[in-house]
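Below: the structure, in structure tokens.
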Amino acid sequence: MTDPQKGPVAEADLHAYVDGFLPEARRAEVEHHLAANPHEAERVRAYLKLNETLHALFDPVLDEPRPRRTRVLQRGRHRTAEHYAAVIAGLIVGGVIGWVARDLDTKMPSQDEDFVKQAAMAHAVYTPEVRHPVEVSANEEQHLVNWLSKRLGSDLKVPHLSQLGYDLVGGRLLPGKQGPVAQFMYQDSKGQRLTLYVRTSGETTEETSFRYDRQGKVGVFFWIDGPLGYALTGELNKPDLLRVAKAIYQQLNP
Amino acid sequence: MGKAEEITAHIPRLRRYARALTGNRDAADDLVQDTLERAWSRFHLWRHGSDLRAWLFTIMHNLFINHTRTRNRESDFALEEEAFAVPVSPAHDALVELKQLDAALRQLPSEQREVVLLVGLEQMSYESVARVLGIPLGTVMSRLFRGRERLRNLLHGKASVSQLKVVK
């Protein structure tokens, strides 16, 4: 049933819903509409799946080493582009395998350990990136949130850390062991970067306290809060990193 | 950031789009290369502070239109295995799905393919797509509706899509 007050749900609404462009209120109306219209709901699911498959099919290209022919911009550039391209290509092959094989998920002995490792790895890969540290930048924050929320199937919020001196750079979608994972990146005035890695934790709904682990140069605070798991990673000392983690937790639980 | 860095930052996404658009590694590399050369030589025309990504994609779109106009109609639909090579095959069904989508994309008229990809892959807003392609917003929407519905039908084994259901 469509409430005439709110305007009927049109084809454009369905697509905007799929693409994460709808404001919260309208999104709820579309969901309401879909619940009552199984044929359209099926179509919307197919479109969502289509976007996902497009990414699975073509995202690997993002991280392929550049062909020799794309030379025009390499003058004056040192090792950065090629160097990172190679590093990322290697890691992403693994990521793609993870993505493709995510339905075949093998049980790991310690999910936490995996989670922390993945967060630290994603941090190490993307924070040095000058070319494309994020997929969607902070100036499209609303779109970023909608898009990642849709992909993770959970309502995400982006904490703002400007008071602590960290501005949002943007975010990206990454393949995780249990499906898509979001990474938000922050940067202070000196270029120091922090990442917040967010995954859905399936049916788990219990909260955990902050736990800390060190992976090489970086420290990781991680915790579970309702349906989402968070890992904050940075090359900060433990007290400083904890300060940021607490600020994030407080913003997400006002 | 220097001009090289600014443009370079967009190369991976230009490559992804070009690959999806052409379905062919060599054609995609050529398209990216031409786009970069043109952007490089006309960088002074880019208004600083405006959307560089949109500007680059506009250049690529124009080149793509020129390429496809001069090329044989056939090659537009040519499918190259290598273009969507996926490193390993742990999940057979997932791979089949990827290949099917790639094949279905080739059967889409290129103007619908562009819209479906700019929205679905690039996550570009409908307004940006309209600007990049130089078409009205309404045209973007109708191409998106048709393109997605056609892909859905192709992937579900219904070969031709004459019965597009318009839901108002």
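A, B, ... follow the sequence lines: proteins, then strands. Residue 1 opens every chain. Treat the numbers as computed from the prediction; the structure is a model and nothing was measured.
- With a 4.5 angstrom heavy-atom cutoff, A:His15 touches chain B via backbone and side-chain atoms both.
- Residues A:Asp59 and B:Leu121 are in side-chain contact: their nearest non-hydrogen atoms beyond the backbone lie under 4.5 Å apart.
- The salt bridge (Lys or Arg N to Asp or Glu O under 4.0 Å) contacts involving residues 119-130 of chain B comprise B:Arg13-B:Glu122, B:Arg16-B:Glu122, B:Arg53-B:Glu122, where partners must be two or more places apart or lie in separate chains.
- Of the possible donor and acceptor atoms, one in the side chain of B:Tyr126 sits under 3.5 Å from a partner among the backbone N and O of A:Ala16.
- Heavy-atom distances place the side chain of B:Leu105, and not its backbone, under 4.5 Å from chain A.
- Atom CZ of residue A:Arg45 and atom CZ of residue B:Arg152 lie 10.5 Å apart, to the nearest 0.5 angstrom.
- In plain terms, the two heavy atoms of B:Met124 and A:Phe21 that are nearest each other are O-CZ, 3.5 Å.
- Counting heavy atoms from C-beta on, the side chains of A:Glu140 and B:Gln123 never come closer than 4.5 Å.
- Atom CZ of A:Arg43 is separated from atom CG of B:Asn153 by 10.0 Å, given to the nearest 0.5 angstrom.
- Note: A:Thr53 OG1 to B:Lys99 NZ = 15.5 Å, rounded to the nearest 0.5 Å.
- Here the shortest heavy-atom pairing between A:Asn51 and B:Gly120 reads OD1-CA, 3.3 Å.
- In this structure, the side chains of B:Leu101 and A:Phe58 stay at 4.5 Å or more apart for every pair of heavy atoms.
- With a 4.5 angstrom heavy-atom cutoff, B:Tyr17 does not touch chain A via any of its atoms.
- The CG atom of A:Leu54 lies 6.0 Å from the CG atom of B:Leu117; values are rounded to the nearest 0.5 Å.
- Looking at A:Asp19 and B:Arg148, a side-chain N of the basic residue comes within less than 4.0 Å of a carboxylate O on the acidic one, giving a salt bridge.
- Annotation: side chain of A:Val18 is not in contact with side chain of B:Val119 (no heavy-atom distance under 4.5 Å).
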Let me have the donor-acceptor pairs involving side chains of residues 181-188 of chain A, under 3.5 Å, with sequence neighbours excluded, atom names and distances please.
{"residue": "A:Gln183", "atom": "NE2", "partner": "A:Ala122", "partner atom": "O", "Å": "3.2"}
{"residue": "A:Tyr186", "atom": "OH", "partner": "A:Pro159", "partner atom": "O", "Å": "2.7"}
{"residue": "A:Gln187", "atom": "OE1", "partner": "A:Arg193", "partner atom": "NE", "Å": "2.6"}
{"residue": "A:Gln187", "atom": "OE1", "partner": "A:Arg193", "partner atom": "NH2", "Å": "3.1"}
{"residue": "A:Asp188", "atom": "OD1", "partner": "A:Lys190", "partner atom": "N", "Å": "2.9"}
{"residue": "A:Asp188", "atom": "OD1", "partner": "A:Gly191", "partner atom": "N", "Å": "3.0"}
{"residue": "A:Asp188", "atom": "OD1", "partner": "A:Gln192", "partner atom": "N", "Å": "2.8"}

